[in-house]
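Taking it in order: structure first as structure tokens, then the write-up.
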Amino acid sequence: MHINRFLGHMDSMSRSDRFDIEIRGPASIRSRGIRCTAVNIPSRTMTTTRHRMGGAYPDRPYVTGIEYENDVTCTFMLDSTYEDKQMMELWQSYMFDEAYNLQYPDAYHGQVIISQLGVDNQPVYTVELHEAFPTTVGGVAFSATEAAIQTFDVTFNYRTWSSAYENSPGGLLGGLFKKFSRKITSKLDKKINDKLFG
């Protein structure tokens with residue numbers, strides 16, 4: 001392959017530190033995940049069974065189901081109010097009452113939306129976890145020998161997940177429109193963030 005053709009297929013590439021997460025729990029539990037420092041996008045596996053056709057033919061695999069990973073773990077930095085930890089513990093309180101009676105799943109299911117961001121800070125790939133809820137809200141470790149920022153982990157269980165891509169539509173005009181639209185959105189986001197956060 002010619003080097004110019006190879007370079008033509010290489011852009012700024014996806015970066016592991018460019019992501020966004022939005023958490024939507026029951027009632028008023030909402031978080032933009034600003035203090036989330038690590039998360040993984042789950043995998044999906046097609047389960048198969050091999051079937052012999054007879055004679056000298058090799059076995060043929062057939063899809064028999066879909067397996068989703070059971071959980072996704074997020075790591076959060078703790079601010080001085082412990083806001084994120086409070087929010088996750090409140091969400092868990094919707095799963096049982098003070099008498100330790102379990103609630104119906106519809107009362108505590110939520111969504112977790114994880115996005116890979118491009119260089120313009122706009123999503124290029126988004127995964128939504130359906131019927132998600134925090135099964136584990138991790139503890140916090142203390143140490144007198146270091147002054148590192150405190151973190152804690154939250155593990156979300158979910159039923160399924162779906163994905164969405166922000167690829168440019170085909171054709172010259174569609175590509176230009178998409179590029180222009182992303183540029184405007186990126187500028188608007190920058191102005192809003194400048195106003196909100198200084």
Side-chain angles (χ1 to χ4, degrees), residues 14 16-47 65-118 121-142 148-166 185-186 188-193 195-198:
S14 294
S16 61
D17 64 340
R18 302 192 70 83
F19 69 93
D20 186 35
I21 181 168
E22 185 176 351
I23 299 168
R24 301 173 185 168
S28 59
I29 296 175
R30 299 288 184 273
S31 173
R32 287 303 308 252
I34 294 172
R35 290 178 287 269
C36 181
T37 61
V39 67
N40 60 292
I41 288 178
S43 65
R44 180 169 50 202
T45 303
M46 309 303 289
T47 58
I66 303 174
E67 288 183 357
Y68 292 89
E69 284 185 356
N70 291 329
D71 51 50
V72 163
T73 299
C74 304
T75 300
F76 290 88
M77 294 187 297
L78 281 166
D79 67 351
S80 57
T81 67
Y82 272 44
E83 179 185 5
D84 293 309
K85 189 165 174 61
Q86 286 184 59
M87 194 177 305
M88 294 302 123
E89 289 180 1
L90 174 62
W91 191 344
Q92 284 188 325
S93 73
Y94 284 101
M95 300 177 201
F96 61 89
D97 60 21
E98 287 78 5
Y100 298 100
N101 294 314
L102 298 177
Q103 303 300 313
Y104 288 105
D106 290 346
Y108 56 78
H109 280 164
Q111 296 88 31
V112 177
I113 302 168
I114 308 164
S115 300
Q116 169 79 63
L117 303 179
N121 284 327
Q122 298 303 305
V124 294
Y125 176 67
T126 301
V127 166
E128 181 175 348
L129 310 181
H130 305 287
E131 298 182 17
F133 56 95
T135 51
T136 304
V137 177
V140 180
F142 300 99
I149 293 174
Q150 296 279 44
T151 63
F152 77 106
D153 292 338
V154 178
T155 300
F156 290 95
N157 267 197
Y158 57 91
R159 185 179 180 210
T160 61
W161 61 265
S162 59
S163 61
Y165 294 84
E166 291 293 328
T185 306
S186 179
L188 284 173
D189 283 352
K190 185 176 185 312
K191 285 185 178 180
I192 290 170
N193 286 333
K195 288 286 185 187
L196 289 175
F197 305 112

Correct closest heavy-atom pair for G139 and F152 would be O-CB, 3.8 Å
Here the gap from R24 atom CZ to R32 atom CZ, rounded to the nearest 0.5 Å, amounts to 9.0 Å
State, with a plain yes or no, whether a side-chain heavy atom of I114 is found less than 4.5 Å away from one of W161. no
**Prompt:** Is there a side-chain contact between H109 and R159, using heavy atoms and a 4.5 Å cut-off?
**Reply:** no
Is there a side-chain contact between F142 and Q150, using heavy atoms and a 4.5 Å cut-off?
-> yes
Rounded to the nearest 0.5 angstrom, the CD-OG distance for Q86 and S93 is 11.5 Å
On a heavy-atom basis, the closest approach of P123 and E166 is O-CG, 3.2 Å
Is a donor on one side and an acceptor on the other found under 3.5 Å between the side chain of S115 and the backbone of L117?
no
Inset, instruction - Indicate yes or no: at least one non-hydrogen side-chain atom of F19 is less than 4.5 angstrom from one of V39. - result: yes
Note: Y108 and M95 closest approach over all heavy atoms is CG-CG, 3.6 Å
I29 side chain reached by L90 side chain, heavy atoms, under 4.5 Å: yes
For T75, is there any backbone N or O sitting under 3.5 Å from a side-chain donor or acceptor partner on T151?
no
Of all heavy-atom pairs linking R18 and G118, the shortest is NE-O, 3.1 Å
How about E69 and Y158: do any of their side-chain heavy atoms sit closer than 4.5 Å?
-> yes
In short, P26 meets W91 closest at the heavy-atom pair CD-NE1, 3.1 Å
Test side-chain contact (heavy atoms from CB on, under 4.5 Å) applied to M46 and I66, step by step: CA-CA 5 Å; M46 309 303 289; I66 303 174; 3.7 Å; yes
CG (D84) and CD1 (I23) are apart, to the nearest 0.5 Å, by 7.5 Å
Rounding to 0.5 Å, atoms CD (Q111) and NE2 (H130) come to a distance of 8.0 Å
For this session: Evaluate the side-chain proximity of N40 to V72: yes if any heavy-atom separation is below 4.5 Å, no if none is.
Result: yes
Rounded to the nearest 0.5 Å, the CD atom of E89 sits from the OH atom of Y82 at a distance of 10.0 Å
To the nearest 0.5 Å, atom CD1 of I113 lies from atom OG1 of T126 at 8.0 Å
Self-check item: Min side-chain heavy-atom separation M88-F156 under 4.5 Å
Solution: yes
Q. Is the backbone N or O of T155 less than 3.5 Å from a side-chain atom of T135, with the two atoms forming a donor-acceptor pair by type?
A. yes
Result for side-chain contact (heavy atoms from CB on, under 4.5 Å) between F76 and one of V154, T37, I34 points to V154
Here the pair of heavy atoms bringing Q103 nearest to Y94 is CG-O, 3.3 Å
Determine yes or no for a side-chain-to-main-chain donor-acceptor pair under 3.5 angstrom, with R30 supplying the side chain and G25 the backbone. yes
Exercise for the section: Output, in order, the C-alpha distance, side-chain angles, deciding distance and verdict of side-chain contact (heavy atoms from CB on, under 4.5 Å) for R35 and L78. Expected result: CA-CA 7 Å; R35 290 178 287 269; L78 281 166; over 6 Å; no
Residues passing the side-chain hydrogen bond (donor to acceptor under 3.5 Å, both in side chains) test with T160, sequence neighbours excluded, are none
